[in-house]
Number of protein chains: 2
Amino acid sequence: MITTSEDVARHAGVSRATVSQILNGRGQRFAEATRDRVNRAARELGYEPSSAGRTLARGSSDFVIALIPHTTFGATLQDFFSRMTDELAAHGLTLVLRLSTPSTASLGRVIASMKPAAVFSLTRFTDEERALIGDRGVTGLDPSATNFFDYNHAIGLLQGRTLIAHGHRRLAFAHLADARQDPFGADREDGLREACREAGLPDPGSVGLDVTPDDAERALDELGGTGFAVACYNDDVATALLSAATRRGWQVPEDLALIGMDHTTLGRLTLPPLTTIDYDLEIAAEAAIHGILTITGHADTAERPERHARLRVIAGGSI
Amino acid sequence: MITTSEDVARHAGVSRATVSQILNGRGQRFAEATRDRVNRAARELGYEPSSAGRTLARGSSDFVIALIPHTTFGATLQDFFSRMTDELAAHGLTLVLRLSTPSTASLGRVIASMKPAAVFSLTRFTDEERALIGDRGVTGLDPSATNFFDYNHAIGLLQGRTLIAHGHRRLAFAHLADARQDPFGADREDGLREACREAGLPDPGSVGLDVTPDDAERALDELGGTGFAVACYNDDVATALLSAATRRGWQVPEDLALIGMDHTTLGRLTLPPLTTIDYDLEIAAEAAIHGILTITGHADTAERPERHARLRVIAGGSI
DNA sequence: CACACCTAGTAACGCGCGTCAACACCATGT
DNA sequence: ACATGGTGTTGACGCGCGTTACTAGGTGTG
């Protein structure tokens, strides 16, 4: 049931070497009739080269490992990876997803055994991870390698500027308490801090919370009363704070202003609806894809997508 | 930088065949001293067998492909797959995640080239998928193969019984309108229908909606007025309906009763908090893992986890 | 006619590994 | 002295593929 290049060769009446070359782009050297015969045979037999054989012969596989952050994997991220999967597949690369676990041992084993063409992560590699990848002779791609998809600073900055433009002057950033869930938090808070500096405001405060009624209330206490404008790690955090504030009888945005991030569907359902930031993953995906194709030597054109992050403020009623 | 079994052999002063056998459990036949030398050498050199070589020699790889449904990939599912990753790794299997795309072509290519030990899916394979997998001589595992993790019928049933126990008599099921996002909907509605039959009630109604304010309102209209008790596909759907009902001035649960599913954090934040169902993925994970180990011939013990779904109703204020 | 030079295609090798028949060695029995 | 039976180890093969040196046949050139 499994078709090998040998089968294709026999079926086309040529040698295996011929098949291999024709199917791998080195086909100019052959007569057009032969090319056609081979291509047709491959198609008719449903031939799909064995990844293992190919890997062995070439020294590295066609797999690209994407580390997926331990954060909610909503529709946006799904589309992102879905897009990447298709685009890379068009270049013969197979995207494979791995949950990024705290223990790097498992990642090390996978990299060593898989010999991926590249390792990709939306979050910055830890030093451990970087070492692991480098040691195996694999190239990694993370936001630090290119600024194309490091929008997190820009996100915090935009949140800050938006709040400030609305006249808010006491700013704070709300993280997710669980650090694993908060992979982009530090960068975003950085951005917020920069916005404060620009406006001559003191550095923003910082709280961390779980998305639960109780912990949101605690976070409100930690913040220290009303009058704050909070840039939230994401819409879930904003929703939790909004809910706690409402229960407490605070008016949003008068007593507490909130700006979220992600433009989630649930964020549109609150009262007031959240003001939030929309993040164009389309462009980020393009950048990531281009980066990977470059690394793996598949980049067809030298042109690189120069467009920058397209962040949009989605007006709600929470600031 | 890459260590091969040849290196290990040289370092331990034995042949490659010896290394291979000792490292693959066929080591009883060797002297203990030799075993130790080989194991130590492998450890010192950080040897990790090449997946490609192994695959080629054995005919099938150590990869297990998990198709992840096109639905929100929240903390629960993450934990589920995280657990599977670790557990399978302990048996030498590498779990690899793939987004399940509508087009099966891509999946076919991946299966053909990867020769996975198994393909796993939380949702039932489509006929296309099943054919694809079978043709390549790969075994698949989906809920239909074992009832261990097909809890969806049970979920709908429990939602129905719970609503009925609270005195509700006009029931309906609320799907997500986007079929891709609603992979478990049909099974759950089935369960709800059974609950209605049990109680001698007419078949439940059925609506589909997007999680947006406007579409939730439309769904309320489609339902046809107040007095319904709605079993929702998940907490997001319930939240959308709750939000729309509140905006419309309906009282929950008096005018509209809602029961969700998933016990999401955001569902705890609404007013009233959602009554919902909690799903013990731990047990489902065990079942799935056991299934895969059986398929791949790695099952160490014949004992199979006999425990059944542990579904719990989480009391809120919405029914 | 000898020679160089293309064109079209192939034989042969090695990638890293698992497997198994075969072998060397030694102790035991006859 | 030789056969017998372990025990411990290895040589050699093949998995499917990409690659390279090479051959066979044709086409000019001096």
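Here is the naming used below: chain letters follow the sequence lines, and residue numbers restart at 1 for every chain. Heavy atoms only: backbone and side chains are in, while hydrogens, waters and symmetry mates are out.
Within 4.0 Å (heavy atoms only), S50(B) reaches sugar-phosphate atoms of the nucleic acid but no base atom. When heavy atoms are screened at a 4.0 angstrom cut-off, T55(A) is found touching no nucleic acid atom at all. Residue contacts shown for R26(B) are limited to sugar-phosphate atoms, with no base heavy atom under 4.0 Å away. Within the 4.0 angstrom heavy-atom criterion, base atoms lie near R29(A). Using a 4.0 Å heavy-atom distance criterion, A31(B) is classed as a sugar-phosphate-only contact. Within the 4.0 angstrom heavy-atom criterion, only backbone atoms of the sugar-phosphate kind lie near T4(B); the bases stay farther away. Here S5(B) lies in heavy-atom contact (under 4.0 Å) with sugar-phosphate atoms only.
Side-chain N/O atoms of T18(B) include none lying less than 4.0 angstrom from OP1 or OP2 on dG8(D). The side chain of R58(B) contributes no N or O atom lying less than 4.0 Å from OP1 or OP2 of dG18(C). Considering only side-chain N and O atoms, S20(A) lies nowhere under 4.0 angstrom from the phosphate OP1 or OP2 of dC17(D).
Residues T34(B) and T18(B) are in side-chain contact: their nearest non-hydrogen atoms beyond the backbone lie under 4.5 Å apart. The shortest distance between side-chain heavy atoms of T123(B) and S100(B) does not fall below 4.5 Å. Under the 4.5 Å side-chain criterion, counting only non-hydrogen atoms from C-beta, I133(B) is not in contact with D135(B).
Residue-to-nucleotide proximity on DNA chain D shows that, of Q21(A) and E6(A), the 5′-proximal contact is made by E6(A). When each of T34(A) and N24(B) is assigned the nucleotide of DNA chain C with its nearest heavy atom, T34(A) is the one assigned upstream, toward the 5' end.
Between L45(B) atom CG and dG16(C) atom C1' there is a gap of 15 Å when expressed in whole angstrom units.
S5(A) places no side-chain N or O within 3.5 Å of a backbone atom of R16(A) that could act as its donor or acceptor partner. Distance alone, capped at 3.5 Å, is enough to place a donor-acceptor pair between the D7(A) side chain and the T4(A) backbone.
Checked by distance alone, R16(A) brings a side-chain donor or acceptor within 3.5 Å of a matching partner on the base of dG18(D).
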